[in-house]
Amino acid sequence: MTIRNARHPFYDFCDEALAGIRKQGRYRTFTPLARDAERYPVYEEALPEGDVSREVVVWSSNDYLGMGVEPEVCEAAISAIREHGAGAGGTRNIAGTSPLHKALEAELAALHGKEAGLLFGSGYVSNQASLLTILTSMPGWICFSDRLNHASMIAGIKGARGSTTVIYEHNDLADLEAKLAAAPADAPKLIAFESVYSMDGDISDIAGTCALARKYNAMTYIDEVHAVGLYGEQGGGVTQRDGVADQVDIIEGTLAKGFGVHGGYITASSQIVDYLRSTASGFIFTTSLPPSVVAAALASVQMVRAQNWRREKMFERVNTFRAKMRAAGVEFTMTPSHIVPVPVGHAERCKVISKRLLNEYGLYATPINYPTVPQGTERLRLTPGPFHTDEMMDEMVAALKILLAEVPLAAFANEPALT
Ligand code: PMP
C-alpha cells in the first residue's frame, strides 16, 4: 500500500486522465487467459466466480506458428534452466553473455544473410534503442519514416534530439521520393519502414524503397517483426522472400511472434552492429535475456529455418479460413499477408462484438480501436494459424455472421465519435 501524497498534483492528474480515457471508451481491460501448451490455440479463461474457468479459442495470437508451445522449444528452455539457472545474472557486459547468446546472434545473422546480429530485451527495445542511437550519432541526420510505423520505431525516432523527422505517406514511394529529393543532398539520411504492417496486413515495396535509398544515398532500416519466421524459404522475412535482404542496411525482428518466444534483435554489417553494441544505451544498461529464453529462441529459429512446412501449413489455414468467410458472405479485408482484418467501423461496435464472441461463443478476437487505427476503421484482427482446425473456423465464421448482423453499424450512428 502506497501512502498517498495528497499534495502532489500527479495523483489528481491520473484520476482525471483515467476518467477521460473511460469517457472516450478507450479504457483498457485485460482478459486473463492461460495458454494450454498442449492444446494451442485453446486457452483457459479465469472467470470471476472463484476458481471456475472455461475454454476459449484464441484468434488474435501473434505466436503465428505456435512455436511457443512446440515441445522441442519448451524442452530447450527447461534444460537451459536446469543447466544455467533462471536468470542471466547481469548485463551483456557484466557476465551476462553466454555461449547461447552468441550462438543465437550468429544464427540470426545467418538467417538474414548479414555479417552480425545483436539481441535486445524485446522487439520494442531493439527498434527504440537502435534508431535513437543511430539518429543521435552524427550531426544532421534526417529520418524518413513511414506514417504507419510502429510505436517502438517512433519512440526511437522522436527521442533522437538533434535529428529531423520527415514522415512520408504510408507505402507511398512517390511521396517518399519527393521528400528525399527536397532534403539537403549531403545530410545523412535513413529510411525507416516495415515489411508487413500488422494492422492492415499490407506489405511494403522493399525493392522500390531500396532503389530510392540508393538514388538519394540513404540508409535503410526495416522492421520485419510480423514477417520473420513466416516469409522467405527459411523464414528470413519478406526481404528474404523478395531476394532483397542484401539491399537493406539493418533488418530488425522479434523472437516473440513467428518464433514464439521472447526478445528482439537487429542484423546488419559488423561495423553497425559493433557500434550499437558499444553505444546503444538500451542494449548496454539492461540485464541480458535469460538463458532459457535464448535457448528456446535458438531452438525455434533453427526449426523454423529448416521446416518450410510450418509456413505452408499456416498459409493453407489462412486461405481455408478466407474461403470459409467468403462462402458464408462474411466481409473481411483481403490482404497480401497472413492477417485477416474484419472491418467493424465503430469502437463501441467493435467492443460489443468482441465481448459477445468471448462470452457467448468462447472465441477471443481483440478489438482494434482508435488510436491504434484511425476512427471509422475499427476492426477485429484475426490471425488464423496452423492449429486452427476446420471446426474452429466454422464456429468463428458462424459466430461472426450472426453478430455482425445482430449488432449493426447503424445502431452506433448516434454514438459520439471518440476524440
Ligand atoms: N514492431 C512491430 C511492428 C510490432 O508490431 C511490435 C509488437 N507488437 C514490435 C515491433 C515490438 O516487438 P516485441 O513484441 O518483441 O517487443
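We count ligands from 1, going down the list as the structure has it; atoms in each ligand are counted the same way.
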(message) Distance under 4.0 Å to a non-hydrogen atom of Thr254: what atoms of ligand 1 satisfy this?
(response) 13 (P), 15 (O)
(message) Less than 4.5 Å apart, side chain to side chain, heavy atoms only: is that true for Ser269 and Asp249?
(response) no
(message) If I apply the N/O under 3.5 Å rule, does Gly123 come out as touching ligand 1?
(response) yes
(message) Rounded at 0.5 Å granularity, tell me how far CG in Leu131 sits from CD in Glu252.
(response) 8.5 Å
(request) Rounded to the nearest 0.5 Å, what's the gap from CG on Asn359 to CD on Glu45? Could you check? (result) 7.0 Å
(message) Among all the protein's non-hydrogen atoms, which is closest to atom 5 (O) of ligand 1, and how far away is it?
(response) His226 NE2, 2.6 Å
(request) Looking only at protein heavy atoms, identify the closest one to atom 9 (C) of ligand 1 and say how far it is in Å. (result) His150 CE1, 3.5 Å
(request) May I ask you to check whether Phe193 and His170 place their ring centres under 6.0 Å from each other? (result) no
(message) Is it the case that the ring center of Phe283 lies less than 6.0 angstrom away from the ring center of Phe120?
(response) yes
(message) Applying a heavy-atom cut-off of 4.0 Å, say which part of Lys257 lies close to ligand 1: side chain, backbone, both or neither.
(response) side chain
(request) Verify whether one side chain among Tyr231 and Asp242 offers a donor that lies under 3.5 Å from an acceptor in the other. (result) no
(request) Would you check the N or O atoms of Glu194, main chain and side chain alike, for any that come under 3.5 Å of an N or O of ligand 1? (result) no
(message) Between Glu44 and Ser53, do the side chains contain a donor N or O and an acceptor N or O under 3.5 Å apart?
(response) yes
(request) Could you tell me if any non-hydrogen atom of Ser152 lies under 4.0 Å from any atom of ligand 1? (result) yes
(message) Checking contacts here: is it the side chain or the backbone of Asn127 that comes within 4.0 Å of ligand 1, counting heavy atoms only? Could be both or neither.
(response) side chain
(message) Please list, in number order, the atoms of ligand 1 under 4.0 Å from a heavy atom of Tyr124.
(response) 11 (C), 12 (O), 13 (P), 16 (O)
(message) Check this for me - ligand 1, Asp223, N or O atoms closer than 3.5 angstrom, yes or no?
(response) yes
